[in-house]
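Notes follow once the structure below has been shown.
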2 protein chains.
Amino acid sequence: MSKMPRVGLSSDAVVDVAIELVDDVGLDALTLAAVAVRVGVAAPSLYKHIDGLGELRRLIAVRSMSELADRLTAAVLGRSHDDALRQLMLAYRTYALEHPNRYAALPQHPVSDPDLATAGTRVVDVILAVLGAYQLDGPEAIHAARSIRAAAHGFAALQTAGGFQLAEDTDASYELLIHMVIAGLLHIRGSVHLDRQERSASTGADE
Amino acid sequence: MSKMPRVGLSSDAVVDVAIELVDDVGLDALTLAAVAVRVGVAAPSLYKHIDGLGELRRLIAVRSMSELADRLTAAVLGRSHDDALRQLMLAYRTYALEHPNRYAALPQHPVSDPDLATAGTRVVDVILAVLGAYQLDGPEAIHAARSIRAAAHGFAALQTAGGFQLAEDTDASYELLIHMVIAGLLHIRGSVHLDRQERSASTGADE
DNA sequence: CGCCGATAGCTAAGATGCATAGCCTCCTGG
DNA sequence: CCAGGAGGCTATGCATCTTAGCTATCGGCG
């Protein structure tokens with residue numbers, strides 16, 4: 001009877017299980033003890049792979065932000081202008097709704113982490129790439145990217161937190177927000193009023 | 001020598017101290033032990049006034065949401081249209097920046113709490129009142145209010161979490177977001193109408 | 001004025017959970 | 001084959017929440 005089976009763990013595997021756990025039972029239930037049970041080792045053994053609970057939380061945030069960046073990148077591939085922007089914002093919310101607990105883990109470990117900052121930069125870069133098609137760059141692009149991120153994150157955060165109590169369709173609300181963002185971008189470029197012909201310059205998917 | 005001095009506590013007083021503590025040292029440091037030290041009693045004594053740590057967190061969230069509603073109400077007093085909307089959004093972010101830890105406590109205890117829902121309703125009502133001046137009501141107003149809340153919350157959350165790494169002025173970014181929201185309201189009826197037609201034409205799958 | 005019950009404090013103790021220390025076994029490379 | 005590191009374990013200490021049960025204080029009522 002072999003007494004110490006060598007599970008064959010790794011830092012990534014521990015994070016995998018931890019994310020599963022978060023998705024299943026929520027952020028608050030993320031405990032080293034629970035993770036240990038799931039991977040089938042004693043709690044202190046986890047320290048051979050990760051440096052404590054704080055580190056684990058950090059790794060979960062980095063992983064999630066990175067996944068989000070991947071989703072956004074895939075969503076805008078082969079698209080541009082309003083079409084790209086709309087798909088980007090839709091993909092953003094979709095990710096949050098598919099993994100609400102994981103998404104809630106993001107804002108917890110904000111600053112001071114280079115890896116998380118790197119993953120965050122990837123998100124911002126996708127947005128900036130989309131804005132390039134609007135002839136936006138420099139400080140204006142930064143301001144616009146922040147606004148887009150704020151809109152997407154705010155909506156996703158509020159909805160996943162159950163912040164929209166009323167019966168109205170949240171999809172319709174989000175479509176309105178997307179249109180607001182697009183209208184705002186046109187405003188930056190100087191065309192204050194929204195013109196249907198301008199908007200249909202991109203492929204007809206949007207209308 | 002009187003051995004049990006009767007500090008003269010109350011539920012509200014405990015919450016006061018707890019919020020102070022959160023502001024000072026952060027959400028993670030909110031512990032019954034630390035609160036007990038600040039108010040000058042032993043930890044178990046707190047249970048005479050609040051029902052455990054969960055209840056305390058809940059009360060902090062309710063208090064903060066209520067304060068936020070007060071601020072927003074004050075900000076729009078005697079104003080209307082774009083002026084009111086701009087001041088409302090500015091007041092929203094100002095509150096978050098003044099009390100970042102308190103604000104971070106809000107999204108933690110989201111659902112299932114009637115008191116928090118009531119305070120949240122007050123926030124929404126202020127926004128809806130502002131939208132009334134735009135001749136908006138009914139479902140359209142709900143969609144617009146959600147978008148405004150999402151924009152303000154998203155920006156505040158990202159900024160307080162240190163999410164804006166680049167050097168560009170965040171005030172300018174926020175002014176842009178405000179302009180985007182205002183510009184979006186100008187076109188709301190057409191946008192929402194289009195949304196409905198789009199949605200009823202397709203099966204509405206989210207991805 | 002004194003008592004008496006409710007209230008608000010206390011200490012003690014149990015349950016979890018994080019983290020460190022130190023040991024033991026398995027596997028691999030030489 | 002055998003040496004040593006890597007990956008597992010148990011034991012332990014500490015912080016925290018929470019419950020249980022005791023005691024002192026205070027305000028109202030006889």
Side-chain angles (χ1 to χ4, degrees), chain A residues 1-63 101 104-105 108-109 112-113, chain B residues 1-63 101 104-105 108-109 112-113:
Chain A
M1 178 168 54
S2 64
K3 285 160 72 178
M4 293 162 92
R6 289 274 167 145
V7 179
L9 229 40
S10 73
S11 174
D12 278 351
V14 172
V15 174
D16 287 344
V17 171
I19 287 183
E20 246 180 61
L21 182 69
V22 167
D23 283 347
D24 285 359
V25 289
L27 249 190
D28 292 343
L30 175 67
T31 168
L32 287 187
V35 172
V37 167
R38 282 215 179 195
V39 303
V41 300
S45 303
L46 295 175
Y47 283 79
K48 300 288 179 175
H49 306 286
I50 51 147
D51 187 16
L53 182 61
E55 167 89 349
L56 182 57
R57 290 209 190 100
R58 206 192 109 248
L59 292 173
I60 290 174
V62 172
R63 176 83 70 87
N101 297 334
Q108 314 293 3
H109 261 268
S112 77
D113 189 277
Chain B
M1 175 170 63
S2 66
K3 285 161 73 178
M4 293 162 93
R6 289 272 166 147
V7 179
L9 231 40
S10 73
S11 175
D12 279 350
V14 172
V15 175
D16 286 345
V17 171
I19 287 182
E20 246 179 61
L21 183 69
V22 167
D23 283 347
D24 284 359
V25 289
L27 249 190
D28 293 342
L30 175 67
T31 170
L32 287 186
V35 172
V37 167
R38 282 216 179 193
V39 303
V41 300
S45 303
L46 295 174
Y47 284 78
K48 298 290 180 176
H49 307 285
I50 52 147
D51 187 15
L53 183 60
E55 167 90 347
L56 182 57
R57 290 209 189 100
R58 204 191 110 251
L59 292 173
I60 290 174
V62 172
R63 175 84 69 88
N101 297 335
Q108 315 292 6
H109 261 268
S112 77
D113 189 276

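So you know, we letter chains A, B, ... as the sequences are listed, proteins then strands, and number each from 1.
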Once you round to the nearest 0.5 Å, how far does [atom1] of [X] lie from [atom2] of [Y]?
| X | Y | atom1 | atom2 | value |
| --- | --- | --- | --- | --- |
| A/I60 | A/L21 | CD1 | CG | 8.0 Å |
| A/I50 | A/L32 | CD1 | CG | 5.5 Å |
| B/D16 | B/R63 | CG | CZ | 4.5 Å |

Mind checking salt bridge (charged side-chain N to carboxylate O under 4.0 Å, His left out) for B/D23 and listing every partner two or more places apart, or none if nothing turns up?
-> B/R102

Could you state the CG-C1' distance from A/L46 to D/dC9, rounded to the nearest angstrom?
-> 13 Å

Whole Å only: how far is the OH atom of B/Y47 from the P atom of C/dA13?
-> 18 Å

Quick one: on DNA chain D, does B/L53 or B/K48 contact a more 5' nucleotide (nearest heavy atom)?
-> B/L53

Taking the nucleotide of DNA chain C with the closest heavy atom to each, which residue, B/A43 or A/G52, is nearer the 5' end?
-> B/A43

Would you indicate, yes or no, if C/dC10 has its OP1 or OP2 atom less than 4.0 angstrom from a side-chain nitrogen or oxygen of B/S45?
-> yes

Is any side-chain N or O of A/H49 closer than 4.0 Å to OP1 or OP2 of D/dA6?
-> no

What pairs of residues pass the side-chain hydrogen bond (donor to acceptor under 3.5 Å, both in side chains) test when at least one of them lies in residues 29-41 of chain B, not counting sequence neighbours?
-> B/E20-B/R38, B/D24-B/R38

Which of the following nucleotides, D/dC9, C/dA8, C/dA12, is nearest to the side chain of B/P44?
-> C/dA12

Using a heavy-atom distance cut-off of less than 4.0 Å, which residues of residues 22-37 of chain A contact DNA chain D?
-> none

Using the side chain to side chain contact (heavy atoms under 4.5 Å, CB included) rule, pick out the option among A/I19, A/L30, A/D51 that qualifies with A/L56.
-> A/L30

